[in-house]
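Below: one structure, written as structure tokens.
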Amino acid sequence: MHADRSSTTRFSVPVDAALRAAGWQPGRWDIKQAEVWADTLRGHQSPAGHRHAVFPAAVEAWAEFGGLRISAQGPGRQLAPATLHLDPLHGLHMARTLGDLGRALDTDVCPLGEESDSRSVLAIDTEGRVYALDHTGDWYLGPDIDHGLTTLLAGIEPVRLTAG
């Protein structure tokens, strides 16, 4: 059996379907919107003086996936699949929290979007690793955006980094 050239092996079938239903397709690249978000985050300062780090891994993730509202179908492997809104401005007022996580991990962390149901903030670090931060703690979702999206959309249990 030969692989169908129109199908992708980048994501599993259900994750690929959820992404495509949200408007993603291979080669999607909206660098203009990504730069708008970068400028907005760079220009924001918390009342206590905390600022966002903005770096290439974040800008690339926004350019490819930014703006998408993604809902997965089906039960999920261990958890219900997440509904995501990949807009980094959901984390605009999280500069201090993301800065603290970055210091704990010895990297910089930037917002990626949010999990709509739980209001978890999704974040990415300079290496492209993906995290979720919610009232119960901080969670590692995967070594890159593809794994992070798969963890969330396939309902795979993430790895806890910290206790709430």
Side-chain angles (χ1 to χ4, degrees), residues 9-19 21-22 24 34 37-38 40-41 44-164:
T9 53
R10 183 173 168 190
F11 295 103
S12 66
V13 171
V15 171
D16 187 73
L19 287 168
W24 174 86
W37 284 322
T40 302
L41 288 166
H44 179 79
Q45 182 172 319
S46 77
H50 297 94
R51 301 189 82 92
H52 285 283
V54 175
F55 40 82
V59 175
E60 290 165 17
W62 303 335
E64 185 173 7
F65 298 103
L68 297 179
R69 294 178 184 273
I70 311 165
S71 301
Q73 305 303 312
R77 285 196 225 163
Q78 289 144 325
L79 307 167
T83 299
L84 311 176
H85 184 209
L86 298 182
D87 180 334
L89 298 189
H90 285 297
L92 184 65
H93 298 289
M94 300 282 289
R96 178 181 177 183
T97 303
L98 294 173
D100 290 347
L101 177 61
R103 275 188 293 288
L105 297 172
D106 197 27
T107 187
D108 285 325
V109 180
C110 190
L112 193 57
E114 83 168 356
E115 193 179 332
S116 303
D117 298 334
S118 68
R119 296 281 185 238
S120 297
V121 171
L122 306 177
I124 189 167
D125 73 11
T126 56
E127 301 296 310
R129 294 173 294 226
V130 179
Y131 307 91
L133 296 76
D134 65 22
H135 64 281
T136 66
D138 303 334
W139 304 86
Y140 175 71
L141 301 177
D144 55 40
I145 186 75
D146 292 11
H147 285 89
L149 291 173
T150 297
T151 296
L152 292 162
L153 295 170
I156 298 166
E157 192 161 347
V159 176
R160 181 187 285 276
L161 293 174
T162 60

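Just so you know, these numbers come straight off a predicted model, no measurement behind them.
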Report the residue from Val121, Leu122, Leu105, Asp138 that forms a side chain to side chain contact (heavy atoms under 4.5 Å, CB included) with Tyr131.
Leu105
Measuring from Gln73:CD to Leu153:CG, what's the distance to the nearest 0.5 Å?
10.5 Å
Distance check, rounded to the nearest 0.5 Å: Leu141 atom CG versus Glu157 atom CD?
11.5 Å
I'd like to know whether Tyr140 forms a side chain to side chain contact (heavy atoms under 4.5 Å, CB included) with Thr151, so could you lay out the CA-CA distance, the side-chain angles of the two residues, the decisive distance to 0.1 Å, and finally the verdict.
CA-CA 10 Å; Tyr140 175 71; Thr151 296; over 6 Å; no
Polar side-chain atom of Arg160 near backbone of Thr136 as donor-acceptor pair, under 3.5 Å
yes
Going through the distances and angles, do Val54 and Val59 end up as a side chain to side chain contact (heavy atoms under 4.5 Å, CB included)?
CA-CA 7 Å; Val54 175; Val59 175; 3.9 Å; yes
Closest heavy-atom pair and its distance - Ala34, Ala63
CB-N, 3.8 Å
Going by heavy atoms in the side chains, are Asp16 and Trp24 under 4.5 Å from each other?
yes
Note, Val15 side chain near Asp146 side chain (heavy atom, < 4.5 Å):
no
To the nearest 0.5 Å, tell me how far Thr83 OG1 sits from Glu115 CD.
8.0 Å
Within the side chain of Asp134, is there an N or O that forms a donor-acceptor pair under 3.5 Å with the backbone of Gly137?
yes
For a 4.5 angstrom cut-off between non-hydrogen side-chain atoms, does Leu112 reach Trp62?
yes
Considering residues, nucleotides and ligands other than Arg96, do more than 12 of their heavy atoms fall under 6.0 Å from its CZ?
no
Write down the atom of His52, the atom of Gly91, and the distance for their closest heavy-atom approach.
CE1-O, 3.2 Å
Which of these passes side-chain hydrogen bond (donor to acceptor under 3.5 Å, both in side chains) with Arg103: Asp100, Asp106, Thr107?
Asp100
Side chains of Leu19 and Phe65, heavy atoms from C-beta outward: is any pair under 4.5 Å?
yes
Using side-chain heavy atoms (C-beta onward) and a distance below 4.5 Å, is Leu149 in contact with Val130?
no
Above 12 or not: heavy atoms from other molecules or residues under 6.0 Å from NE2 of His50?
yes
Distance in Å, Phe55 CZ paired with Ile124 CD1, rounded so as to fall on 0.5 Å steps
6.5 Å
Rounding to 0.5 Å, atoms CD1 (Ile156) and OG (Ser12) come to a distance of 7.5 Å
Once you round to the nearest 0.5 Å, how far does CD of Glu60 lie from CD1 of Ile145?
11.0 Å
Would you say the side chain of Thr40 lies within less than 4.5 Å of the side chain of Pro88, judging by non-hydrogen atoms?
no
Minimum heavy-atom distance Leu98-Cys110, with the two atoms named
CD1-C, 4.2 Å
To check you understand the geometry: which heavy-atom pair defines the closest contact between Arg69 and Ala22, and what is its length?
O-CB, 3.2 Å
If you take all heavy atoms of Ser71 and Ala18, which pair is closest and at what distance?
O-CB, 3.6 Å
Is any side-chain heavy atom of Asp108 closer than 4.5 Å to one of Asp125?
no
If we only count heavy atoms from C-beta on, is the His44 to His93 side-chain gap below 4.5 Å?
yes
